[in-house]
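Lettering of chains follows the sequences in order, A, B, ..., and the numbering in each one begins at 1.
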Amino acid sequence: MDYRSTLNLPATNFPMKANLPVREPERLKRWQGTSLSDRILEKRRGAPKWVLHDGPPYANGDIHLGHALNKSLKDILVRYKSMKGFYVKYVPGFDCHGLPIEQKALESLGAKVKEKSPLEIRRLCHQFATKYIGLQSGQFQRLGVGGQWKTPYLTLDPKVEARALRLFRDIVAGGYVYKGFRPVYWDPIFQTALAEAEIEYEEHVSPSIYVRFPCLDPEKNEVLRPHAPINFVIWTTTPWTLPGNLAVCLHPDFTYVVAEVAGGERVVAAEELLQSFCTDAKLGEPKVLAKCKGRDLEGLHCSHPLLEKQSLVILGEHVTLEQGTGCVHTAPGHGAEDFDVCKKYGIEPFQPVDEAGRFTELYPPMQGVQVWEANQTIIGELTARGLLAHVGKITHQYPYSWRSHRPIIVRATEQWFLALEHKGLRQKCLEAIQNSVQWIPKWGEARIYNMVAARPDWCLSRQRAWGMPIPSLHSKGAGKSILALEVIDRFIEYVEKEGTDCWYRRPLEDFLPEGFQCPESGGTEFEKEYDILDVWFDSGATHASILEADPDLASPADLYLEGSDQHRGWFHSSLLASMAGRGRPPYRAVLTHGFLLDEKGEAMSKSKGNVISPLDLMKHMGADVLRLWVASEDYRGDIRASKEIFERVSEAYRRIRNTFRFLLGNLADFDETRAAADGELDEIDRWALARLDQLVERVGQAYEQYEFHRVYHLTHSFCVEMSAAYLDVIKDRLYCSAPADRTRRAAQTAMREMLSALARLLAPIIPFTADEVWEAAYGGGESVHLADFPAPGGRAADEAFLQRWERFAALREIVARKLEEARREKKIGASLEAAVALRVKTPALYEVLALDADLLRQLFIVSSCKVERAPSAAGAETLEEQVEAEIRLADGAKCERCWNWTKEVGQNAEHPALCVRCADVVERLNR
RNA sequence: GGGCCCAUAGCUCAGCCCCGGUCAGAGCGCGCGCCUGAUAAGCGCGAGGUCGAAGGUUCAACUCCUUCUGGGCCCA
């Protein structure tokens, strides 16, 4: 007779094969259709707010794996905090203005660019941004990221622009904004100033030249006088900046020497660099004639190498002994440090290069020539004048524009700046960094602190079309730019209604209050200026434009969460804007993650061809596997991604999924009304629940500490442990008992708790699968994402109980090894064919174990287990030394139903192939 | 070149930080085997690490210090 049908085998529709690429989008549609995100919010209305402010990604293409990582981490937290009972409204944002989009728009225009007005270009940019916002929004939602996707925040939204501009107005009102002539990074292709964040360094071959600066007045200096004539020698890799030279800078504390080199020439150079410089410049073996400190040479004059000017010998702490001669060519129009040091000497910058990188009439010999092309000519000119000591080539890192991918130049221009020293802003920022913000990991503090401490004033203006105009006016009377609060206010009024296009569209008069006069000259003739704000201001202002504007949000936010590059980027700009405009930081805590690396630990880049697309991953493995990977990695350091890693994560996913499936299958005929009371649970059920309680406790802590990789390892290991130790052991009860048998219901009760807790513990990480499980377990009612996060404590066990079970686990290993031995000797196959004898060599231990013989039999999944006394072994300490396991073939016969071996088989005449228990169950089923 | 960070089995992580001292642990993968009532599953056993390298402190270092190497982010 076939007794299989009398068994309670698992039954579930929950498929083993996840088929996530197909099933996730279906579930997503249902979530969207039923406004799940809104319902989650509704459920927590009135609860304490928890605000995670989304750093807006730049909307200019498909999302990449870094986006997926960042948004997954945010979503995990948002879901976790919601389940913990907080009111968490997640408003995703998009950064819409800026050069990358403008560039794309211009590319599409081709040669017609020149015919287009700023308004037309802006309209195109708007279209591009809108297109990519839609694209990215869909991709993020596909990832399972919940939130206000119907109403994301856009930095191009007129309301958002108006609020950002109001913050700008407050900063202007605070007196922080000034117009200055300063060297800035300049992209000659796009003809705009660049922020530090818009620069990347690339390998670049530059000329490496040594140039003589003949000293004009050596007789004024005691050290030089006896050795005249003397040349200061400078080293530079940018010959084109030589027309802008106004000084030669020495370090006050370095030792400089007068040395005689090849041809009897006498030069000045830093002592430490003399040898290397003479070797490099092929000047032979130098002979030192005199020595002095840099400060002794201050104030001497050299002749300018190219113009009828003089170059002053000055001192600066920034001079180093790394390369060159220790005498630094200084062109205040072409370098920030040069500018600063010259300022101390009252030297005004000389800047003969126009916005396209061509020389102007200020350097007539090369007017109209591109600086890069000018290099060679200048070298020729120097040679002709006998000033070139040596020319070579050098390959080094040189700043490139992140958009034009061409080398940039540094040129002094008129720009709007945010003054870091005004009202002690820098100091206030530094104090806020140390005292008011929690940095996670903690080293982020030192990182951003050093950056803020060292950064120059923030260059706020750009000469572009796609951004928020700075409503400054050129006052004809004063002959300069003015930024008037009244004008800004008027501008904002229009922006609110019409967007920032109004600056281009409306006549100047619209922005001028009645009787407006230039505060400097009293004049009334103005022209609009068309610089725009650095996009970093747009995003740096979102604490005001977004958080302050929505009563469901708040500023400061509880958390900003971005990659560690944002210490220089968004965290930085947000901090400065908020400190200047509001006097407080925009966030309470800042969490950073590392960067993606490939399997070799190298950065991912298109050029290396090692990029992995999140869209491909979702298409082939599903969002949950991708998210499980995110959770599995300790994101505080670098994050690895490779084929093998995703294969490993997929394995883990399958293990978790199968555990859910097994639980569901065995709970098919169970509901809460059939749950066993605590007193009815077997000891092993209580053990399993105690382990579950531990898991809940530890996972909760891990979430609280943002250590999602611990959540992953903890839950995955729990599934593994339970599969092997608990779920395997209780199969006999589950399958073979009568369906309503109390011990079976007890096991199901434990499994139900396990299922419920596990699904909720994992819901933030694998939202699709957890929800699928929840639906399979409880029907199509509430989503798991509306449930509360499990709380520990309900089934906590005392130490003695846990220790008792640790010993059982150790015994299980001992027995398992012996069973394996018996298997190898072909004595047994399945463990139920075995009978175990535990020979215990310690009387005390024997007394304890003897009482648990039947429990051990179950744990070992064998047909019988005897605990016997053995001659005591001296000095036996480990369990292994105290207990010896013997394996024999079990007595009796195999029950055809439960496969246990017992002498009872055959006692029931009706069911001669069954053991007593099974015969009994079958008879009752038949009744 | 500067600031900050990372470096433990093939892979992902524990342990290390603020208290140095059991044969450095887990899971996955891998090898071998069992089961065929979780079956494109489940169970068991096993093999994998001179804890990036070199010095130093110490009776004793994966754990503390220094230097170096490789890698990352941000700058120059």
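To the nearest 0.5 Å, atoms CE (A:M604) and OG (A:S642) are separated by 8.0 Å.
Note on A:Y398: every side-chain N or O is 4.0 Å or more away from OP1 and OP2 of B:C75. At B:G42, one or more side-chain N or O atoms of A:R655 fall inside 4.0 Å of OP1 or OP2 (strictly under the cut-off). Within the 4.0 Å cut-off from OP1 or OP2 of B:G37, at least one side-chain nitrogen or oxygen of A:R4 is found. Taking side-chain N and O atoms only, A:R710 has a distance below 4.0 Å to OP1 or OP2 of B:G15. An OP1 or OP2 oxygen of B:A38 is reached within less than 4.0 angstrom by a side-chain nitrogen or oxygen of A:K731.
Annotation: B:G52 and B:A7 have their C1' atoms spaced 6 Å apart (nearest Å). Only the C1' atoms considered, B:U58 is 36 Å distant from B:C73, to the nearest whole Å. Comparing the same atom, C1', in B:C34 and in B:G70 gives a spacing of 45 Å after rounding to whole Å. Taking atom P in both B:G10 and B:C59, one finds a spacing of 35 Å when rounded to whole Å. Using P as the reference atom, B:U69 and B:A54 are 15 Å apart when rounded to the nearest Å. B:U66 and B:C18 have their P atoms separated by 12 Å, given to the nearest Å. On the P atoms, B:A9 is 13 Å away from B:A14, given to the nearest whole Å. Of the P atoms belonging to B:C62 and B:C17, the separation is 13 Å, rounded to the nearest Å.
Within 4.0 Å of A:R823, counting heavy atoms only, lie sugar-phosphate atoms of the nucleic acid but no base atom. Looking at heavy-atom distances under 4.0 Å, A:R661 makes contact with sugar-phosphate atoms alone, never a base. A:L819 comes within 4.0 angstrom of no nucleic acid atom, judged by non-hydrogen atoms across all strands. Residue-level contact check: A:G637 touches neither bases nor backbone, having no heavy atom under 4.0 Å from any strand. No contact: A:R657 has no heavy atom under 4.0 Å from any strand. At the heavy-atom level, A:A816 lies under 4.0 Å from the strands shown only through sugar-phosphate atoms. Residue A:H716 is classed as a sugar-phosphate contact, given heavy-atom separations below 4.0 Å to backbone atoms only. Note on A:N658: a base of the nucleic acid sits closer than 4.0 angstrom, heavy atoms only.
Of the two residues contacting RNA chain B, namely A:C736 and A:A725, the nearest-nucleotide position lying further toward the 5' end is that of A:C736. Where A:L7 and A:L597 each meet RNA chain B at their nearest nucleotide, the meeting point lying more 5' is that of A:L7.
Residues A:N666 and A:Q748 come closest through the heavy atom pair O-NE2, 2.8 Å. Smallest separation of non-hydrogen atoms from A:A885 and A:V815: CB-CG2, 4.1 Å. Closest approach of A:T6 to A:L925, counting heavy atoms only: O-CD1, 3.7 Å.
Evaluation of atom-type donor-acceptor distances gives a pair under 3.5 Å for the side chain of A:S723 against the base of B:A38.
The cationic atom of A:R411 (NZ for Lys, CZ for Arg) does not lie both less than 6.0 Å from the six-membered ring centre of A:Y185 and within 45° of the ring axis.
Across the protein-nucleic acid pair, A:Y735 atom OH and B:U36 atom P stand 13 Å apart, rounded to whole Å. Computed from coordinates, the A:R636 CZ to B:U12 C1' distance equals 14 Å when rounded to whole Å. Rounded to whole Å, atom P of B:U36 lies 13 Å from atom CG of A:D728. Atoms CG (A:D598) and P (B:G70) sit 17 Å apart, rounded to a whole Å. Between A:D634 atom CG and B:U12 atom P there is a gap of 12 Å when expressed in whole angstrom units. Going from atom OH of A:Y635 over to atom P of B:C6 covers 15 Å, rounded to whole Å. Across the protein-nucleic acid pair, A:I448 atom CD1 and B:C5 atom P stand 15 Å apart, rounded to whole Å. Look at CH2 on A:W536: it is 10 Å from P on B:C74, rounded to the nearest Å.
Looking at the side chain of A:H713, the nearest of the listed nucleotides B:G71, B:C28, B:C13 is B:C13. Of the candidate nucleotides B:C5, B:C73, B:C45, B:C73 has the atom lying nearest to any side-chain atom of A:F595. When the nucleotides B:G33, B:G27, B:G42 are ranked by their closest atom to the side chain of A:E820, B:G33 comes out on top. Residue A:M16 has its side chain nearest to B:A41 when only B:A41, B:C45, B:C74 are considered. When distances run from any side-chain atom of A:F662 to the nucleotides B:C5, B:G3, B:A38, the shortest one goes to B:A38.
Residues A:R812 and A:E806 are not paired through a salt bridge, judged by the lack of any N-O separation under 4.0 Å between the basic side chain and the carboxylate.
With ring centers used as reference points, A:Y635 lies 6.0 Å or more from A:H709.
Shown here, B:C59 forms a base pair with B:G21; the pair counts as Watson-Crick or G-U wobble because both key distances fall under 3.5 Å. Nucleotide B:U69 has B:A7 as its partner under the Watson-Crick or G-U criteria, with both atom distances under 3.5 Å. With a cut-off of 3.5 Å on both Watson-Crick or G-U wobble distances, the partner of B:G46 is given as B:C30.
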Task: Working for salt bridge (Lys or Arg N to Asp or Glu O under 4.0 Å), residues A:K894 and A:E833 - done: CA-CA 8 Å; A:K894 177 181 174 184; A:E833 290 168 25; 5.9 Å; no

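Aromatic stacking is marked for A:W899 over B:G37, as both cut-offs hold: 5.5 Å for the centres and 30° for the planes.
Classification of B:G44 as anti follows from a glycosidic angle more than 90° from 0.
Using modelled atom types and a 3.5 Å distance limit, the side chains of A:D732 and A:N900 yield a donor-acceptor pair.
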